There are 2 protein chains.
Amino acid sequence: MKASVGKGLSRSIEDYLKVIYKLEADSGSAQTSAIAEALAIAPPSVSGMVKRLAEAGLLEHSRYRGVRLTEAGQHQALRILRRHRIIESYLIEQLEYDWHNVHQEAERLEHAVSDALIDRMDQALGRPSHDPHGAPIPTPDGEIETIHYVPMTDLDVGSAGQLRMVGDKDSERLRFIASLGLRPGVAFDVVARQPFHGPLTIRLEGGREEVIGYELANSLQCERSGGDAK
Amino acid sequence: MKASVGKGLSRSIEDYLKVIYKLEADSGSAQTSAIAEALAIAPPSVSGMVKRLAEAGLLEHSRYRGVRLTEAGQHQALRILRRHRIIESYLIEQLEYDWHNVHQEAERLEHAVSDALIDRMDQALGRPSHDPHGAPIPTPDGEIETIHYVPMTDLDVGSAGQLRMVGDKDSERLRFIASLGLRPGVAFDVVARQPFHGPLTIRLEGGREEVIGYELANSLQCERSGGDAK
DNA sequence: ATTGGAATTTAACCTTGCCTAAACTAGAAT
DNA sequence: ATTCTAGTTTAGGCAAGGTTAAATTCCAAT
């Protein structure tokens, strides 16, 4: 019998889909062990669930080789992502949550809110296209902006850029980023960089300069905005 | 081994505690079948869960005779009730939910929100003592106002009262109540009533009169406010 | 071509919550 | 006092999701 992907997926299934979507988006593929790692469960548990998800038509599975979401699976994943990002936005804008504390809460709420509530929140926020971390919010029917940002580490000395996206996983890191006054939309010039994956120095609006370690800079998604420093 | 009632009870357990608390409050006792009925599950399922809850120290069970929450059980139940009522209040006041649509949503959210989020909502609402249906909101440490309201049907002709509480279960009923302009705080006089559980007629502020069926009137909790009509 | 190790899957089992069918009280009605 | 019955509990199952241990399979390195 064919499972009709009706309304309610279990919390667990939603988590799988979310994680698989992210793995596909980030690294192109979703291996069993990567899924297990991301969900903090044992690999055999993943094998079991993957089988069920494949039977439900949410993904395709080539044995020993990994997994790929079907249309239906992606659609579901994007629904969840939309919820997550709207919830994060709402908590930050309307309930004074900090940028860096919000992830956990959203993680639990995204499985419990109705479409109606999401729409209310979306409306209260003015139907934003991006969340406060700069990540695009999927539309209700599962469209998402395809992004072509580059990591800050791809910018050459002398070039200008705008910070676009900072991620939302690591709250330590977010706290630090916030403390530097970095947030999506901020413009900067790269004024110096050391070779061999060393730190780079950027100048922000107002002339303040900050030194950013390579690792961190590499996680900051930016848009090139000026060919050259003026 | 003794289960340490730590942080996270399952959704299912929370629902049991909530229902048992309500049954005890309403009818004094909580029978297996009443619990089953309220949760829309089969009686044997209740027996099973009751055993586990008793082992966890959340309630006491006398075989064939029903169940009684322990201190710990009541405490948990009140935590959930607090969540529920704050969420309902928040959705109505801040997100334009209707009085009568809010119950379902709160029912799901109450199991997913953190204490921190509840506190934010509570703060945004100005730390209300009652929810929009007039029900008292338990404090964070599990105190709840003991109410001594009387059903509208207990008021004699000629006496005055204030509506205090309208319940939150039946959304049809709530819609109707709202359409009559009845809400907690509204003052009225009883101007007539028919015998044998017939309808009563009340006069609202402004002089408008409404006829209320016995059943409905009996579900409206009121406070006596004047000995006699003036 | 073979082999060794890492990753994956299978097998066997556990817990939570639910179910139905059958066995058992408790208490009302005779 | 006995019986009948409604309500409760026990027994036995099932599905979802997880676990560990053992068997596979792929691939990369000899």
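Just so you know, these numbers come straight off a predicted model, no measurement behind them. Below, read A as the first sequence line, B as the second, and so on, with proteins coming before strands; counting in each chain starts at 1.
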| Within this structure, what is the CG-to-C1' distance between L39(B) and dC18(C), rounded to whole angstrom? | 12 Å
| said: Across nucleotides 17-24 of chain D, 5' to 3', mark each nucleotide with B, S or - according to how protein heavy atoms within less than 4.0 Å reach it. | reply: BSBBB--B
| query | Just by distance, do the side chain of S45(B) and the backbone of I41(B) share a donor-acceptor pair under 3.5 Å? | reply | no
| task | May I ask you to decide whether D115(A) forms a salt bridge with R79(A), counting only side-chain N to carboxylate O separations under 4.0 Å? | result | yes
| Salt-bridge present (R68(B), E60(B); N to O < 4.0 Å) | no
| Is any side-chain nitrogen or oxygen of R63(A) closer than 4.0 Å to OP1 or OP2 of dT10(C)? | yes
| query | Will you find, in the side chains of E88(B) and H84(B), an N or O donor that is under 3.5 Å from an N or O acceptor? | reply | yes
| task | In whole angstrom, give the distance that lies between atom CG of L23(A) and atom C1' of dA7(C). | result | 16 Å
| field | Interatomic distance where CZ belongs to R65(A) and P belongs to dT9(C) [whole Å] | value | 11 Å
| task | Rounded off to whole Å, could you give me the NZ-to-C1' distance for the K51(B) and dT8(D) pair? | result | 13 Å
| query | Are OP1 or OP2 of dT9(D) and a side-chain N or O of H61(B) less than 4.0 angstrom apart? | reply | yes
| request: Could you tell me the separation between the CD atom of E37(A) and the C1' atom of dA6(C), rounded to a whole number of Å? | output: 15 Å
| query | Is it true that E107(A) and K18(A) have a side-chain N and a carboxylate O under 4.0 angstrom from each other? | reply | yes
| query | Are D122(A) and R82(A) within salt-bridge range, i.e. N to O under 4.0 Å? | reply | yes
| message | OP1 or OP2 of dA7(C) versus the side-chain N and O atoms of Q31(A): is any pair under 4.0 Å? | response | no
| task | For dT10(C), take OP1 and OP2 only and decide whether either is under 4.0 Å from a side-chain N or O of S47(A). | result | no
| task | Assign T32(B) to base, sugar-phosphate, or nothing according to its heavy-atom contacts below 4.0 angstrom with the strands shown. | result | sugar-phosphate
